[in-house]
Amino acid sequence: MKNLRISTQISVIGAIALIGFIVVGIIYMVSASYQDDIIAGQIEATHSLNLESKIDLEFTRARILEKDFLLTKSTAQIDAHAEIIGKVSPLIEQLKEQYDEESETYGVVEQVGSAFEIYGAQFLNVVGVWRQIGLTQDSGLRGATNRAASTLEQDLRRSASGANLA
């Protein structure tokens with residue numbers, strides 16, 4: 001290096017510094033790209049987790065409405081339950097879109113969707129049975145039974161009052 005002129009030495013040092021900056025820039029670009037991939041994966045995972053939480057919340061709401069219906073036999077719970085069932089199916093479809101069709105998780109999400117559809121249908125079966133039984137004292141089989149019992153009681157009272165008169 002002693003034999004080279006100062007300007008040549010400065011040029012060599014500048015070239016080495018430039019190569020160093022290029023190497024640092026390439027390393028930075030590769031690491032930034034890697035970080036972007038990781039962040040994108042985290043965003044997808046967060047979106048999936050958000051959908052799973054919404055599905056869980058709506059299922060819990062459906063179960064609460066189911067219990068309320070069984071306690072009160074109110075048609076308001078039936079309508080609200082149907083609305084929730086309608087909300088969950090699109091959420092499950094969105095969640096399925098997050099996964100590759102070949103993945104195990106996709107299959108699990110499909111099973112959850114099928115189980116939820118079965119749950120919704122079974123709730124409607126329970127509602128149908130309760131409608132036959134009677135949602136109130138005056139409807140369905142309960143109403144028919146109460147009317148028949150009332151008629152029988154009236155006939156017995158008339159019969160008893162007629163027997164007392166004789």
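No hydrogens, no waters, no symmetry mates; every other heavy atom, side chains included, goes into these values.
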Undergrad: If you round to the nearest 0.5 Å, how far is CD of Q42 from CG of D37?
TA: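 The distance works out to 11.5 Å.
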Undergrad: Sequence neighbours excluded, which residues qualify as side chain to side chain donor-acceptor pair (under 3.5 Å) partners of D138?
TA: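 Listed in chain order: nothing, the list is empty.
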Undergrad: Is any side-chain heavy atom of Q122 less than 4.5 Å from a side-chain heavy atom of I118?
TA: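 Sidechains of I118 and Q122: in contact.
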Undergrad: May I ask you to decide if D155's main-chain N or O and S159's side chain share a donor-acceptor pair within less than 3.5 Å?
TA: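 Absent.
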Undergrad: Is V88 linked to L65 within one hydrophobic cluster, defined over Ile, Leu, Val, Met, Phe, Trp and Tyr using a side-chain heavy-atom separation of less than 4.5 Å?
TA: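 Yes, V88 and L65 fall within the same hydrophobic cluster.
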Undergrad: Which side-chain N or O atoms in residues 25-32 pair as donor and acceptor under 3.5 Å with protein atoms at least two apart or in another chain?
TA:
residue: S31; atom: OG; partner: I27; partner atom: O; Å: 3.3
residue: S31; atom: OG; partner: Y28; partner atom: O; Å: 2.9

Undergrad: Please enumerate all residues that pass side chain to side chain donor-acceptor pair (under 3.5 Å) together with T136, with sequence neighbours excluded.
TA: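 T136: side chain to side chain donor-acceptor pair (under 3.5 Å) contacts with S139.
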Undergrad: On a heavy-atom basis, which atom in E44 and which in Q98 lie closest, and how many Å separate them?
TA: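 For E44 versus Q98, the nearest heavy atoms are O-OE1, 3.9 Å.
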Undergrad: Quick check on the hydrophobic clustering: are V129 and L124 connected, directly or via other members, by side-chain heavy-atom contacts under 4.5 Å?
TA: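 Different hydrophobic clusters.
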Undergrad: Does V112 belong to the same Ile/Leu/Val/Met/Phe/Trp/Tyr cluster as F123, with side-chain heavy atoms less than 4.5 Å apart forming each link?
TA: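 No: no chain of side-chain contacts under 4.5 Å links V112 to F123.
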Undergrad: Working to the nearest 0.5 Å, report the span between CZ of F116 and CD1 of I85.
TA: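 One gets 3.5 Å once the value is rounded to the nearest 0.5 Å.
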Undergrad: Calculate, to the nearest 0.5 Å, the distance between atoms CG and NZ belonging to D68 and K73 respectively.
TA: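 It is 11.0 Å, given to the nearest 0.5 Å.
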Undergrad: Looking at E101, I want to see if its CD is surrounded by more than 12 non-hydrogen atoms of other residues, nucleotides or ligands under 6.0 Å.
TA: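 Incorrect, the count does not exceed 12.
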Undergrad: Identify whether I92 and L57 are in the same connected component of the hydrophobic contact network (ILVMFWY, side-chain heavy atoms under 4.5 Å).
TA: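 Cluster IDs for I92 and L57 differ.
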Undergrad: Taking all heavy atoms of S74 and all of F69, pick out the closest pair and write down the distance.
TA: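 Residues S74 and F69, closest heavy atoms: O-CD1, 3.5 Å.
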Undergrad: Does S150 reach the main-chain N or O of N146 with its side chain, forming a donor-acceptor pair under 3.5 Å?
TA: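 No; zero donor-acceptor contacts below 3.5 Å.
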Undergrad: Enter the distance from E110:CD to E93:CD here, rounded to the nearest 0.5 Å.
TA: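 Going from the CD atom of E110 to the CD atom of E93 covers 8.0 Å.
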Undergrad: CD1/I13 to CD1/I6 distance, rounded to the nearest 0.5 angstrom?
TA: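 The distance works out to 9.0 Å.
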Undergrad: For Q94 and L51, work out which heavy atoms get closest and say how close.
TA: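 So the two residues come closest at OE1-CD2, 3.2 Å.
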Undergrad: Between Y119 and H81, what is the ring plane arrangement, given parallel below 30°, perpendicular above 60°, and tilted in between?
TA: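 Aromatic pair Y119/H81 classed tilted.
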Undergrad: Might you point out which heavy atoms bring L91 and E58 nearest each other, and give the distance in Å?
TA: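 Minimum heavy-atom separation between L91 and E58: CD1-CG, 4.4 Å.
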Undergrad: What heavy-atom pair brings Y106 and D100 nearest, and what distance separates the two atoms?
TA: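 Smallest interatomic distance, heavy atoms only, reads CB-O, 3.2 Å.
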Undergrad: How many angstroms lie between atom CD1 of I55 and atom NZ of K87, to the nearest 0.5 angstrom?
TA: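 So the gap between those two atoms works out to 13.5 Å.
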Undergrad: Restricting to non-hydrogen atoms, name the atom on L95 and the atom on S48 that form the minimum distance, rounded to 0.1 Å.
TA: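 It is CD1-O, 3.7 Å.
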Undergrad: Looking at K54, I want to see if its NZ is surrounded by more than 12 non-hydrogen atoms of other residues, nucleotides or ligands under 6.0 Å.
TA: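 No, NZ of K54 has 12 or fewer neighbouring heavy atoms, counting only those of other groups under 6.0 Å.
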Undergrad: Do I64 and I84 land in one hydrophobic cluster if side-chain heavy atoms of ILVMFWY residues count as linked below 4.5 Å?
TA: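 Hydrophobic grouping puts I64 apart from I84.
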